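Presented below is the structure to which this report refers.
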Number of protein chains: 2
Amino acid sequence: MNDELLRILPRPPEERADAARNRVRVLEAAGRLFAEGGTDALSVDAVAREAGVGKGTVFRRFGDKSGLVSALLDRKERELQEGIVFGPPPLGPGAPPRERVQAFFSAYITYLADHLDLVRLSETAAPGARFRTGAYVFWHRHLELLCAGLPDADHLAHVLLGAVAADLNTELLARGIGWDRVRAGVAAAVDAHFAAAERP
Amino acid sequence: MNDELLRILPRPPEERADAARNRVRVLEAAGRLFAEGGTDALSVDAVAREAGVGKGTVFRRFGDKSGLVSALLDRKERELQEGIVFGPPPLGPGAPPRERVQAFFSAYITYLADHLDLVRLSETAAPGARFRTGAYVFWHRHLELLCAGLPDADHLAHVLLGAVAADLNTELLARGIGWDRVRAGVAAAVDAHFAAAERP
DNA sequence: ACAGGAAGCGGACCCAAGTCCGCTTCTCTT
DNA sequence: AAGAGAAGCGGACTTGGGTCCGCTTCCTGT
């Protein structure tokens, strides 16, 4: 009967065994290379060689370099995402929108500060890559919902996310604007928008 | 006597004749190629070939591809810059800061909409290129001065400029968010910040 | 006019991302 | 157990940005 069900309802196409094996090989290789040599060591060729796999395989698995790096970041991103969906307020559900937005940016900036190089790589490896990652879509949607009361929440969410773009903040860091000022600045921007909407 | 002066005060190193000739050749070639085939046709190799010049020459003149494209945009940028420095209010001097900021973004968005592809190329050709162009420095300084009364004008100026980044707006356009909504959204952001500062 | 040195020139070369395609491996079906 | 077809594999190849360096052109001082 189990067999019957399986035949009748062929499960969504699963990853083949060799494919799955190579996925973890590549990811482990990439992690190793990054740990040793930073983003400079992360050429696709080098990753493929270290993983003992052909270059084509890497691209087949991850689409492009940006996808590979995103996959590397996936675990950390998920932590944040779970905190948003299931965690305690103010990051999780339960607090008023304004506080949740503040909590999100505070947490995101921590995440960004911890992984700036990789995030930057994942956002700039291909032009426009930033906006197509699952993560971006998630953050945007989250903010859009929280800003539902404000004018054009869709656009506003994009603009707010622009303030935590990796290449901008790499530049700010280089110019001596530290994470404390970034935190304060972003918080001020969020407050400004919510305050504007709260008034007649 | 003219000769004397010239000898005593050797003018700042001028561009050599052949160099100047090649600069205009390259720029004209690039303009031609772009007019015909858009940004896709703008590979450095193609530009060099069209200009009848070696590839190395292009890089020597313009530094990198981003620099070449910036040079293409230079004329249009200057118009805006002159309007800011010498033109009539509210874009030029004389109007209150808030209105000047609004006027700037309005004008900038018009410029951006007219040259989105080229601006995008100049901002993304090299990672971080955006922040190093003379134009960006100019816009940033302008905004920073106008926002002098607000908290952390330096950071704020960067964040506001983030809202008119070319790759973001390319994406917004693709998602059906038109220039009218961008205009409104940016104007709202500016207003929110100024309003926040005007209150106790 | 000319000599010397700086500035410029060009194209071969390098590196890294991404594509292609003939071959191999897996998995499903009977 | 075996055959067939899909999925995956790998590495040669393409493309495009950027560097290098021996040669040429220009400008300056005499």
Side-chain angles (χ1 to χ4, degrees), chain A residues 2-26 29-30 33 37-70 121-129, chain B residues 3-26 29-30 33 37 39-70 121-129:
Chain A
N2 216 331
D3 280 0
E4 272 181 340
L5 280 180
L6 286 179
R7 213 168 303 148
I8 293 169
L9 199 70
R11 282 168 306 158
E14 268 184 41
E15 195 167 62
R16 241 170 62 170
D18 51 347
R21 193 176 59 237
N22 281 333
R23 146 169 289 128
V24 335
R25 273 192 196 162
V26 168
L33 287 178
T39 51
D40 287 350
L42 275 190
S43 79
V44 178
D45 277 289
V47 171
R49 204 178 325 121
E50 172 84 10
V53 133
K55 195 185 191 176
T57 303
V58 177
F59 282 100
R60 164 167 283 265
R61 265 301 80 64
F62 300 99
D64 58 9
K65 186 177 182 178
S66 172
L68 169 60
V69 178
S70 296
L121 205 54
S122 84
E123 290 183 356
T124 58
Chain B
D3 279 3
E4 271 182 338
L5 280 180
L6 287 180
R7 213 167 304 148
I8 291 170
L9 200 69
R11 280 168 307 159
E14 266 185 46
E15 196 167 60
R16 242 169 64 171
D18 50 350
R21 193 176 59 236
N22 281 334
R23 142 167 293 127
V24 334
R25 273 192 196 161
V26 168
L33 287 179
T39 52
D40 287 350
L42 273 189
S43 78
V44 177
D45 278 289
V47 171
R49 203 177 326 119
E50 172 84 11
V53 133
K55 195 184 192 179
T57 303
V58 177
F59 282 101
R60 163 166 285 265
R61 261 307 77 64
F62 299 100
D64 58 10
K65 187 178 181 177
S66 171
L68 169 60
V69 178
S70 295
L121 205 56
S122 83
E123 289 184 357
T124 59

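Source: prediction; values computed, not measured. Chain letters run A, B, ... following the sequence lines, proteins first and then strands; every chain starts at 1.
Contact annotation: A:Thr57 side-chain N/O to D:dG8 OP1/OP2 distance is not under 4.0 Å. Between B:Asn22 and C:dG8 there is no side-chain N or O to OP1 or OP2 distance below 4.0 Å. Note on B:Arg61: a side-chain N or O is less than 4.0 Å away from OP1 or OP2 of C:dG8.
When atom types are taken as modelled, the side chain of A:Ser122 and the backbone of A:Ser66 share no donor-acceptor pair closer than 3.5 angstrom. Within the 3.5 Å criterion, the main-chain N or O of B:Leu42 finds a donor-acceptor partner in the side chain of B:Lys65.
The separation between B:Arg49 atom CZ and C:dA12 atom P is 13 Å, rounded to whole Å. Atom pair A:Glu15:CD and C:dT25:C1' shows a separation of 15 Å (rounding to whole Å applied). In this entry the distance linking CD of A:Glu14 with P of C:dT25 reads 22 Å, nearest Å. Straight-line distance from the CZ atom of A:Arg25 to the P atom of D:dG8: 16 Å, rounded to whole Å. A straight line from CZ of A:Arg16 to C1' of D:dG8 spans 5 Å, rounded to a whole angstrom. Rounded to whole Å, the distance from CZ on B:Arg23 to P on C:dG8 is 10 Å.
Applying the side chain to side chain donor-acceptor pair (under 3.5 Å) rule to B:Asp45 yields the partners B:Lys55; only residues at least two apart in sequence or on another chain are considered. Take A:Ala126 and apply the side-chain contact (heavy atoms from CB on, under 4.5 Å) test, not counting sequence neighbours, and it matches A:Asp64, A:Ala129. Applying the side chain to side chain donor-acceptor pair (under 3.5 Å) rule to A:Arg61 yields no partners; only residues at least two apart in sequence or on another chain are considered. Residues satisfying the side-chain contact (heavy atoms from CB on, under 4.5 Å) criterion with A:Arg16, sequence neighbours excluded, are A:Asp18, A:Ala19.
For the helix from C:dA1-D:dT30 to C:dT30-D:dA1, the end axes, each set by the C1' atoms of five terminal pairs, are bent relative to each other by 10° (nearest 10°).
The CZ atom of B:Arg23 sits 12.0 Å away from the OG1 atom of B:Thr57 when rounded to the nearest 0.5 Å. How far CG of A:Asp40 is from CG of A:Leu33: 12.0 Å, rounded to the nearest 0.5 Å.
B:Val44 approaches B:Phe59 most closely through the heavy-atom pair CG1-CE1, 3.6 Å.
Mapping B:Asp40 and A:Asp18 onto DNA chain D by nearest heavy atom places A:Asp18 closer to the 5' end of the strand. Checking B:Ala17 against B:Leu42, the closest nucleotide of DNA chain D that is more toward the 5' end is the one next to B:Leu42.
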What does the list of N/O pairs under 3.5 Å between the protein and nucleotides 18-21 of chain C look like, with a distance for each?
from: C:dG18; atom 1: OP2; to: A:Lys65; atom 2: N; distance (Å): 3.1
from: C:dG18; atom 1: N7; to: A:Lys55; atom 2: NZ; distance (Å): 3.2
from: C:dG18; atom 1: O6; to: A:Lys55; atom 2: NZ; distance (Å): 2.5

